[in-house]
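Read the structure below first, then the notes.
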Amino acid sequence: MNILLLGSGGREHAFAWKMSQSSRCTKLFIAPGNAGTSLCGTNVELAVTDFDGIKQFCIEHTIEMVVVGPEEPLVKGIYDYFKNDPAIQHISVIGPSKAGANLEGSKAFAKAFMQRHKIPSAAYREFNADNYEDGIAYLQSHATPIVLKADGLAAGKGVIICQNHVEAMAEFELMIQQAKFGDASKKVVVEDFLSGIELSVFVLTDGEHYVLLPEAKDYKRIDEGDKGLNTGGMGAISPVPFATETFMQKITSTIIDPTISGLKKEQIEYAGFIFFGIIKVGDDPYVIEYNCRMGDPETEAVLPRLKNDLVELFEATAAKKLHEIKLETDNRQTATIVAVSGGYPGEYEKGLLIDGLDLLQEDDAIVFHAGTKQEDDKTVTNGGRVLAVTSFGNTLQKAVEKSRAILDIVEFDGMHFRSDIGYEFY
Ligand code: AMP
Ligand code: GLY
């Protein structure tokens with residue numbers, strides 16, 4: 001079968017790497033892809049939100065399955081676009097309907113959904129220009145820290161943890177009155193602050209059944225010791241030591257099962273991944289956020305541990321037969337370290353030569369590309385997060401050491417990475 005994968009980051013290189021190993025995959029195309037994905041299939045110059053262009057491409061190349069990496073096309077309704085068009089409705093789309101993608105596309109929708117289905121999550125209120133004064137009064141009377149969330153997609157920047165009332169009211173004003181995040185912050189969710197350790201939990205669901213993938217933990221801050229600015233993710237580990245069987249059981253019974261049955265009850269079509277951003281408060285799991293896609297860089301730590309054929313999993317998803325699948329995972333530890341451009345998450349240069357990629361001959365390690373581009377015979381930087389190196393190890397420390405050793409060989413001007421991924425668990 002011919003498959004089109006949408007996206008261009010480390011997550012998509014990991015998908016492409018895994019799918020290209022499947023005997024079910026005839027031709028793999030990646031739009032727009034990066035230098036790494038071009039080693040697994042053919043890159044196509046198409047934007048992930050160019051639905052008409054994607055449709056034409058699918059028809060011309062007899063694509064039978066579209067796998068959607070990032071959230072934006074999902075929130076914009078790519079699933080529905082395919083299902084409502086007789087010319088392409090036979091093509092399987094791996095990703096939720098627009099209504100399902102709202103779990104990520106609207107924080108207010110996600111909170112109300114959790115409330116309807118009694119899924120544990122922080123207490124909240126939602127405000128907009130109409131009840132703005134109520135919002136101010138609510139903030140004034142509420143304990144701090146307090147969390148403000150732009151309702152819509154805001155490129156991962158829409159969540160602000162405010163330490164005091166002055167900051168909270170200023171941010172609230174900026175979001176609602178000054179459109180700090182454009183339309184995304186016309187509505188704001190104000191949520192209680194939860195204190196605990198975070199965990200990324202993933203399922204692949206066909207809307208009726210689901211399989212639970214290996215869990216992961218990501219490291220969002222730019223500097224070691226979880227200091228400095230928030231990034232898209234500087235590394236990830238899988239498995240996660242505190243994700244014990246008992247804790248995962250609690251997540252399954254109080255969060256995953258009610259989410260899947262809630263989607264079903266509300267007749268929301270969902271054939272794709274759900275990423276549960278979990279926080280452990282005391283011994284109990286709470287949902288911090290839903291995403292309608294896999295995590296990045298978590299995917300780079302999770303997929304190498306998956307023994308199943310990923311394309312077969314996707315076929316079972318499209319056929320609503322996931323209950324027939326048994327997941328098999330590699331018990332070893334993975335650790336992913338992300339190498340980023342100098343200056344990231346602020347301004348950074350692109351087009352810098354990446355050296356040393358041809359010298360790598362490591363067993364048990366994979367160099368996933370994130371922001372890279374092929375220019376003739378050279379691989380150059382093309383984004384903030386440039387590479388995501390995943391290694392296996394019998395211990396966490398060994399896995400981290402191996403990824404680190406690889407990043408001693410690879411080099412580009414200004415390269416920065418964290419050596420302390422997984423540090424709390426050594
Ligand atoms: P999000 O953009 O939804 O992924 O949120 C970004 C980050 O903000 C999360 O990964 C958490 O670290 C933090 N966060 C979000 N909501 C809360 C909350 N209610 N309490 C504490 N931290 C939160
Ligand atoms: N690593 C977090 C995310 O993908 O949203």
Side-chain angles (χ1 to χ4, degrees), residues 7 9-12 14-15 68-72 74-75 101 103-111 114 119-126 142-163 168 171 175 181 184-185 188-202 213 215-222 226 229-238 240 273-282 284-303 336-338 340 345 368 370 384-385 388 390 418 421:
R11 169 182 52 211
E12 285 76 22
F15 273 133
V68 187
E71 64 278 9
E72 197 186 356
L74 294 166
V75 172
L103 284 181
E104 175 167 1
S106 166
K107 304 259 187 215
F109 172 82
K111 294 298 287 189
M114 287 187 268
I119 295 165
S121 173
Y124 83 107
R125 292 270 307 270
E126 95 187 47
H142 207 286
T144 54
I146 190 160
V147 185
L148 267 51
K149 298 186 171 184
D151 177 52
L153 292 185
K157 300 196 165 65
V159 174
I160 298 169
I161 297 172
C162 302
Q163 298 302 334
E171 282 296 340
M175 282 166 111
F181 300 107
S185 65
V188 170
V189 164
V190 178
E191 190 176 277
D192 285 6
F193 177 80
L194 298 177
S195 182
I197 190 160
E198 288 179 54
L199 179 70
S200 303
V201 173
F202 308 98
L213 299 166
E215 78 285 354
K217 181 174 195 310
D218 81 339
Y219 291 81
K220 289 205 176 86
R221 301 299 189 99
I222 186 77
D226 287 326
L229 293 173
N230 247 327
T231 70
M234 298 296 291
I237 61 167
S238 178
V240 180
F273 294 99
I274 306 179
F275 166 166
F276 300 85
I278 302 288
I279 190 163
K280 181 171 180 265
V281 183
D284 293 322
Y286 289 76
V287 177
I288 285 277
E289 60 164 346
Y290 285 115
N291 293 307
C292 61
R293 53 166 173 87
M294 281 295 287
D296 195 349
E298 289 97 323
T299 306
E300 294 95 299
V302 166
L303 284 190
T336 303
I337 303 183
V338 177
V340 303
F368 293 117
R385 290 189 288 173
T390 297
R418 278 179 63 170
I421 298 305

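Both ligands and their constituent atoms are indexed starting at 1 by order of listing. Because only heavy atoms are used, hydrogens play no part in the values below, and waters and symmetry mates are left out as well, while side chains stay in.
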Please name the residue in the list [options] that meets the side-chain hydrogen bond (donor to acceptor under 3.5 Å, both in side chains) test with [X].
| X | options | value |
| --- | --- | --- |
| K111 | E126, E289, E191 | E191 |
| T336 | D296, T299, T390, D218 | T390 |
| D226 | R418, R221, K220 | R418 |

Next on the checklist: Once rounded to the nearest 0.5 Å, what's the spacing between atom CD1 of I161 and atom OG1 of T144?
Outcome noted: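 The CD1 atom of I161 sits 12.5 Å away from the OG1 atom of T144.
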Next on the checklist: Tell me whether D296 has any N or O atom under 3.5 angstrom from an N or O of ligand 2.
Outcome noted: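 It does: an N or O of D296 is found under 3.5 Å from an N or O of ligand 2.
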Next on the checklist: For a quick check under 3.5 Å, do S200 and K217 share a side-chain donor-acceptor pair by atom type?
Outcome noted: no
Item to check | For atom 2 (C) of ligand 2, the option (of N291, T299, D218) bearing the nearest heavy atom | outcome: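 Checking each option, the heavy atom nearest atom 2 (C) of ligand 2 is found in D218.
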Checklist entry - By number and element, which atoms of ligand 2 are closer than 4.0 Å to a non-hydrogen atom of G295? => result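 Every atom of ligand 2 under 4.0 Å from some heavy atom of G295: 4 (O).
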Next on the checklist: I'd like to check which ligand 2 atoms, numbered from 1 as shown, lie under 4.0 Å from a non-hydrogen atom of R293.
Outcome noted: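 What qualifies from ligand 2 is 3 (C), 4 (O), 5 (O).
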Checklist entry - Between F275 and F202, what is the ring plane arrangement, given parallel below 30°, perpendicular above 60°, and tilted in between? => result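 Ring orientation of F275 relative to F202: perpendicular.
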Checklist entry - For the ring pair F15 and F273, is the centre-to-centre distance below 6.0 Å? => result yes
Item to check | Salt-bridge criterion met for D192 and R125 (N-O under 4.0 Å) | outcome: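 No salt bridge links D192 with R125.
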Item to check | Within the protein, residues bringing a heavy atom under 4.0 Å of ligand 1, chain by chain | outcome: K107, V147, K149, V159, I161, E191, D192, F193, L194, E198, K220, I288, E289
